[in-house]
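A quick write-up on the structure given underneath.
Throughout, protein chains are lettered first and strands after them, A, B, ... in sequence-line order, and every chain is numbered starting at 1. Because only heavy atoms are used, hydrogens play no part in the values below, and waters and symmetry mates are left out as well, while side chains stay in.
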Number of protein chains: 2
Amino acid sequence: MNQSKNTKEHILDVSLKLFSEKTYYGASIRDIAKAIDKRESSIYNHFKSKEEIFEQLILKFSSRNFGPLILTDQLINIISKPEKFFILLSENLIHFWNSEEERMFIKILLAKNSNGESKKYYSIENYLNDFKALSEFIFREMISHKFIKKMDVVVLSQEFISPLFLAAIELILGLKSETIQKSLIKNHVEFFWNSVKK
Amino acid sequence: MNQSKNTKEHILDVSLKLFSEKTYYGASIRDIAKAIDKRESSIYNHFKSKEEIFEQLILKFSSRNFGPLILTDQLINIISKPEKFFILLSENLIHFWNSEEERMFIKILLAKNSNGESKKYYSIENYLNDFKALSEFIFREMISHKFIKKMDVVVLSQEFISPLFLAAIELILGLKSETIQKSLIKNHVEFFWNSVKK
DNA sequence: CCAGTTTATGAACGAACGTTAATATAAGGA
DNA sequence: TCCTTATATTAACGTTCGTTCATAAACTGG
């Protein structure tokens, strides 16, 4: 996309796309080089191996702070109206997960084993935990302000996040259209809200 | 495993393992041949290409009937005690998804794009729909017998299945131990039951 | 403008890839 | 037993793989 940005970032950008489309073994160094319009040998001026490209890609995405993208000001303003809040929160999450870049990253996480040697890697479990932590924080706040019933925030997070994230996975790996998600969100929040309202 | 079974089945068996561990591009015909202790050329007496092995593998697994494995007699016997029923149903599902063979198949589905040319393929969405259909059937029965509140069975299925299947995915792709799942099931069923009991 | 560093190129390496062909062996029915 | 068919092997094909190397071009600070 942005040709003028530094080459290392550019390589990571196209690698995200290629690894997500063809998996690690299916995307070659030559594919990556072609995508940035250079020869494959020049890649090695920026990364010592294909494996290192992958590692740095995961590292880059695993060390973001997406909190402000989900917990928008608009959202925080309506925390006292939990049902509306849950709807908007769900929309923010689905919108984030379904953004072009995030789809690609999630695809890579889903295709990646935590098998053997790569145990050190960031996995889909770590990814989900970041979102669960965010939503646990939200539920703790809501409970302390008595907006919802007093319940275990871990359970609340799991019950709130799971149907949304699984729908996102189906959206990412399948052919489901995004419009279907509107009613899914509505139904899910309705069900959830009935279980947590005071 | 079973050396004496016919070679075609044997090839599919080891391909399931290899494709799930190293993805489609990472597992070679020579890997597969080595795993059945034959030369790579003899594979082509049974399949016309690597792609065909993959296709038949997906076909084989997508045309099973797992219903009786989930809906056991023991389970059906306690349908009038919904909370107990949900616990056992959850355990059956997690046990099934976490079996060695099923872990491998799910890994393959998760690593597989429904991108472009492969739209025809069975995807994780189809897989999940099979389980949702099963659980919709269960909820319809429960509602008609007035064991639970009258609600949309699609919503019930989604809310019941999602946290369980997502936990299974974490179990399969991550390093989570199976013991953690016991409390997850308990918490999930408790939350769910509180929302659907009459 | 020059020296030093960074980045790009072109060519090559050994290995592995999917697949094919010719041929040998094993199995099964007449 | 012989003939046919199914399955195996060995060898090779053209490609692509990840990576290296010598060298050339581009950039950067003094």
Side-chain angles (χ1 to χ4, degrees), chain A residues 1-60 108 111-113 115-118 120-121, chain B residues 1-60 108 111-113 115-118 120-121:
Chain A
M1 326 266 160
N2 186 353
Q3 283 284 88
S4 67
K5 91 175 69 164
N6 77 70
T7 308
K8 193 159 181 170
E9 276 306 311
H10 198 184
I11 291 171
L12 290 178
D13 274 4
V14 303
S15 298
L16 174 69
K17 181 167 188 296
L18 290 168
F19 285 147
S20 78
E21 282 172 356
K22 318 218 289 167
T23 75
Y24 179 78
Y25 297 106
S28 72
I29 293 281
R30 281 170 180 85
D31 290 336
I32 294 170
K34 209 163 290 167
I36 62 163
D37 210 40
K38 303 244 160 75
R39 304 294 152 250
E40 63 271 21
S41 48
S42 89
I43 301 282
Y44 290 88
N45 285 316
H46 304 278
F47 298 92
K48 69 181 228 293
S49 66
K50 184 185 180 183
E51 182 66 22
E52 201 198 39
I53 298 176
F54 188 81
E55 280 170 18
Q56 298 218 180
L57 186 58
I58 299 291
L59 185 64
K60 175 186 167 186
I108 290 177
K112 196 168 71 59
N113 283 335
N115 273 351
E117 76 292 338
S118 57
K120 53 191 183 295
Y121 277 156
Chain B
M1 330 264 160
N2 186 353
Q3 284 284 87
S4 67
K5 92 175 70 162
N6 77 69
T7 307
K8 193 159 180 169
E9 277 305 312
H10 198 186
I11 291 171
L12 290 177
D13 274 3
V14 304
S15 299
L16 175 69
K17 182 168 189 295
L18 290 167
F19 285 146
S20 77
E21 283 171 356
K22 318 218 286 166
T23 76
Y24 179 78
Y25 297 106
S28 72
I29 292 282
R30 281 169 180 85
D31 290 335
I32 294 169
K34 209 164 291 168
I36 63 162
D37 209 40
K38 303 243 159 76
R39 304 292 152 251
E40 64 269 21
S41 50
S42 91
I43 301 282
Y44 292 87
N45 284 316
H46 305 278
F47 298 92
K48 70 181 226 293
S49 66
K50 184 184 179 183
E51 182 66 24
E52 200 198 40
I53 298 177
F54 189 81
E55 280 170 18
Q56 298 218 179
L57 188 56
I58 299 291
L59 183 65
K60 175 186 167 186
I108 290 177
K112 195 168 71 59
N113 284 335
N115 275 352
E117 76 291 340
S118 57
K120 52 188 182 300
Y121 276 158

Legend entry - Touch class at under 4.0 angstrom, heavy-atom based, for A/A33 against every strand present: nothing
Inset, instruction - Remember a base hit wins even if backbone is also touched, and classify B/S28 as base, sugar-phosphate or nothing at under 4.0 Å, heavy atoms. - result: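 If one applies the 4.0 Å heavy-atom cut-off, B/S28 turns out to touch the sugar-phosphate alone, with no base involved.
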Nearest-angstrom distance from the residue atom [atom1] of [X] to [atom2] of [N]:
{"X": "B/I53", "N": "C/dG18", "atom1": "CD1", "atom2": "C1'", "result": "11 Å"}
{"X": "A/K50", "N": "D/dT20", "atom1": "NZ", "atom2": "P", "result": "15 Å"}
{"X": "B/E40", "N": "C/dA16", "atom1": "CD", "atom2": "P", "result": "12 Å"}
{"X": "A/K8", "N": "C/dT7", "atom1": "NZ", "atom2": "C1'", "result": "13 Å"}
{"X": "B/F47", "N": "C/dG18", "atom1": "CZ", "atom2": "C1'", "result": "16 Å"}
{"X": "A/I32", "N": "D/dT16", "atom1": "CD1", "atom2": "P", "result": "17 Å"}
{"X": "A/I29", "N": "D/dG18", "atom1": "CD1", "atom2": "P", "result": "6 Å"}
{"X": "A/R39", "N": "C/dT7", "atom1": "CZ", "atom2": "P", "result": "18 Å"}

Inset, instruction - Could you tell me whether the side chain of A/D31 and the main chain of A/S28 form a donor-acceptor pair under 3.5 Å? - result: yes
Inset, instruction - Record whether the side chain of B/N45 comes under 3.5 Å of the base of D/dA6 through a donor-acceptor pair of N or O atoms. - result: no
Inset, instruction - Report, as yes or no, whether the 6.0 Å neighbourhood of atom NZ on B/K34 holds more than 12 heavy atoms from other residues, nucleotides or ligands. - result: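 Result for NZ/B/K34: open.
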Inset, instruction - Tell me which of A/S41 and A/D31 sits closer to the 5' end of DNA chain D, going by the nucleotide each one is nearest to. - result: A/D31
Legend entry - Closest-nucleotide ordering on DNA chain D, the 5'-leading residue of A/K48 and A/G26: A/G26
Legend entry - Phosphate OP1/OP2 of C/dT6: any A/H46 side-chain N/O under 4.0 Å: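 Result: no.
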Legend entry - A/Y24 six-ring centre to A/K50 NZ/CZ under 6.0 Å and within 45° of normal: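 Yes, A/K50 and A/Y24 form such a contact.
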Inset, instruction - Please examine the side chains of B/I58 and B/I108, heavy atoms only from C-beta on, and report whether any two atoms are closer than 4.5 Å. - result: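 With C-beta onward as the side chain, the pair touches.
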